[in-house]
Asks: 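Structure below; questions to follow.
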Amino acid sequence: MTDGKTAIVTGAGTGIGKAVATALLGQGWNTVFVGRRKNLLDDAIAAAGKTSSKALAVGCDITKPDEVDALYAAVDKAFGRVDLLFNNAGMGFKTATIDEVPVEVWTDVVNVNLTGSFLCARGAFAAMRRQNPMGGRIINNGSISAHAPRPGSVPYTATKHAITGLTKTLALDGRPYDIACGQIDIGNALTEMAVAMTKGVPQANLTTAIEPVMDVQRVAEAVTYMASLPLDANVLFMTVMATKMPFVGRG
C-alpha cells in the first residue's frame, strides 16, 4: 500500500523523470516533481490528470545545497515525510575525446550527476532517518554507462560509475535506519535525450549505427516495482534496456 507515502523525483519535467513521477502518482504516491524549470513540472502534473494522490511541483537546482535544503523543507511542510527518492536528474555532453572536453563542461556534469545526486540523497537519508516510522528507499539512476562507456563520454561515464559507489555505500549505511538503496541502469529508453540513437551513434568498433530503443514506460514500470517492495527487500541493481541494443557481447 502507498497510502500517505511520499515520493520525490528529480528531473521530473521531461523524459524518464516525468514518466516515473507520473506512474508513481497514478499508483497512489504523493509525488514531488522536482526540476530547474517549474513550468515544465506544472505541465507534467497537468498532463498526469486527476488522481487520488497529491502532486507538488518544486523548482530546484540540485547542484545548490541551499535549494536542496529548501526542497526538503517544502516536502516536510506539505507531506511530513519522505518514503522514496528517485535520484534521476542528469546531464551529458556531445561525443568528444577527453582533450576536447572543456573543463567547465566536466565541472557542470560532475555537479549535476554526482554532487546533485549526493545532495538529494543526503537530504532524503536525513529525513528518512529522523521520521516516524523510520526508513525509506533511495533509487539512483545509474545508466548502462555505470557499467560500460560509449565512445567519447568521459564526463558522463565517470559520474555514472561513481553513482554505483554511492548506491553501494548508501545500501550499507542505511541498514541501521531501514533505508534501502538500489540502482536502475537504463539502456536506450526513447526520450528527448535518446533521439540520437534512432539516427546513428558512434560504436566501439569505430562505426556509426542506429540502435534499438524501448518505450520509456518500461522504465517507469521497473522503478515503480522497485519502489513497491517492503523495506526488508531491495533490488540492489536492475538493468532495463532495449533488448537488441549493442551492450551484451562484443558490441
Asks: Quick one: do Lys18 and Glu192 make a salt bridge, cutoff under 4.0 Å?
Replies: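 The answer is no: the pair does not qualify as a salt bridge.
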Asks: List the atom of Leu236, the atom of Cys181, and the distance in Å for their closest heavy-atom pair.
Replies: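 Scanning both residues completely, I find the closest heavy atoms to be CD1-O, 3.6 Å.
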Asks: Are Tyr72 and Phe86 joined in one hydrophobic group, where the rule is that I, L, V, M, F, W and Y side chains link up if heavy atoms are under 4.5 Å apart?
Replies: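 Not linked; separate clusters.
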Asks: Any sub-3.5 Å donor-acceptor pair from Thr31's side-chain atoms to Trp29's backbone N or O?
Replies: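 Here the side-chain-to-backbone pair exists.
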Asks: Can you tell me how far CD1 of Ile16 sits from OG1 of Thr10, rounded to the nearest 0.5 angstrom?
Replies: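 Going from OG1 on Thr10 over to CD1 on Ile16, the span is 11.0 Å.
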Asks: Same cluster or not: are Ile138 and Leu114 linked, directly or through other Ile, Leu, Val, Met, Phe, Trp or Tyr residues, by side-chain heavy atoms under 4.5 angstrom apart?
Replies: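 Yes, Ile138 and Leu114 fall within the same hydrophobic cluster.
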Asks: For Leu229, look at atom CG and say whether over 12 heavy atoms of other residues, nucleotides or ligands are found less than 6.0 Å away.
Replies: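 Yes, the 6.0 Å shell around CG holds more than 12 heavy atoms from other groups.
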Asks: Which pairs, with at least one residue in residues 103-117 and sequence neighbours excluded, count as a side-chain hydrogen bond (donor to acceptor under 3.5 Å, both in side chains)?
Replies: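 Of all non-adjacent pairs touching residues 103-117, those that pass side-chain hydrogen bond (donor to acceptor under 3.5 Å, both in side chains) are Asn113-Thr159.
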Asks: Taking all heavy atoms of Leu41 and all of Ala12, pick out the closest pair and write down the distance.
Replies: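 Here Leu41 and Ala12 meet closest at CD2-C, 3.9 Å.
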Asks: Quick check: closest heavy atoms across Pro151 and Thr95, and the distance to 0.1 Å?
Replies: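 In this case the closest contact between Pro151 and Thr95 is O-CG2, 3.5 Å.
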Asks: If you count heavy atoms of other groups shown closer than 6.0 angstrom to CZ of Arg218, is the number above 12?
Replies: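 Yes, CZ of Arg218 has more than 12 neighbouring heavy atoms, counting only those of other groups under 6.0 Å.
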Asks: Measure across Ala227 and Leu84 and return the closest heavy-atom pair with its distance rounded to 0.1 Å.
Replies: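 What the structure gives for the nearest pair is CB-CD2, 3.6 Å.
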Asks: Check the hydrophobic clustering (I, L, V, M, F, W, Y; side-chain heavy atoms under 4.5 Å; chains of links allowed) and say if Val219 and Val235 are grouped together.
Replies: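 Same cluster: Val219 reaches Val235 through Ile, Leu, Val, Met, Phe, Trp or Tyr contacts under 4.5 Å.
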Asks: Okay, side chain of Asn188, backbone of Pro212: is any donor-acceptor separation there less than 3.5 Å?
Replies: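 Checked: pair present.
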Asks: Write down the atom of Leu24, the atom of Ala7, and the distance for their closest heavy-atom approach.
Replies: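 Reported closest heavy-atom pair: CD1-CB, 4.0 Å.
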Asks: Minimum heavy-atom separation for Asp61 and Thr63, please, with both atom names.
Replies: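 Looks like OD1-OG1, 2.7 Å.
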Asks: So, the side chain of Glu221 versus the backbone of Tyr225: is there a donor-acceptor pair under 3.5 Å, distance only?
Replies: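 No, because the side chain of Glu221 does not come within donor-acceptor range (under 3.5 Å) of the backbone of Tyr225.
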Asks: Taking ring-ring contact (aromatic ring centres under 6.0 Å, His included) as the cut-off, I'd like each qualifying pair that reaches into residues 125-151, sequence neighbours left out, listed once.
Replies: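 Listed once each, the pairs are Phe125-Tyr177.
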Asks: Applying the side-chain contact (heavy atoms from CB on, under 4.5 Å) criterion to Ile184, which one of Val223, Thr239, Val20, Asn88 satisfies it?
Replies: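 Among the candidates, only Val223 passes.
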Asks: In chain order, what residues pass the side-chain contact (heavy atoms from CB on, under 4.5 Å) check against Ala96, with sequence neighbours excluded?
Replies: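 Expected list: Phe93, Glu100, Val101.
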Asks: If we count only N and O atoms by modelled type, under 3.5 Å, do the side chains of Gln203 and Thr208 hold a donor and an acceptor together?
Replies: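 Result is no, nothing qualifies.
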Asks: Can you see whether Thr167 engages Asn140 through a side-chain donor-acceptor pair at a distance of less than 3.5 angstrom?
Replies: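 Yes, side-chain donor-acceptor contact under 3.5 Å.
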Asks: Main chain of Pro133, side chain of Arg81: is a donor-acceptor contact present, judged purely on distance under 3.5 Å?
Replies: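 Pair found, side chain donor or acceptor close to backbone of Pro133.
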Asks: With side-chain contact (heavy atoms from CB on, under 4.5 Å) as the test, pick out the partner of Leu166 among Thr169, Leu170, Thr164.
Replies: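 Of all the options given, the one that passes is Leu170.
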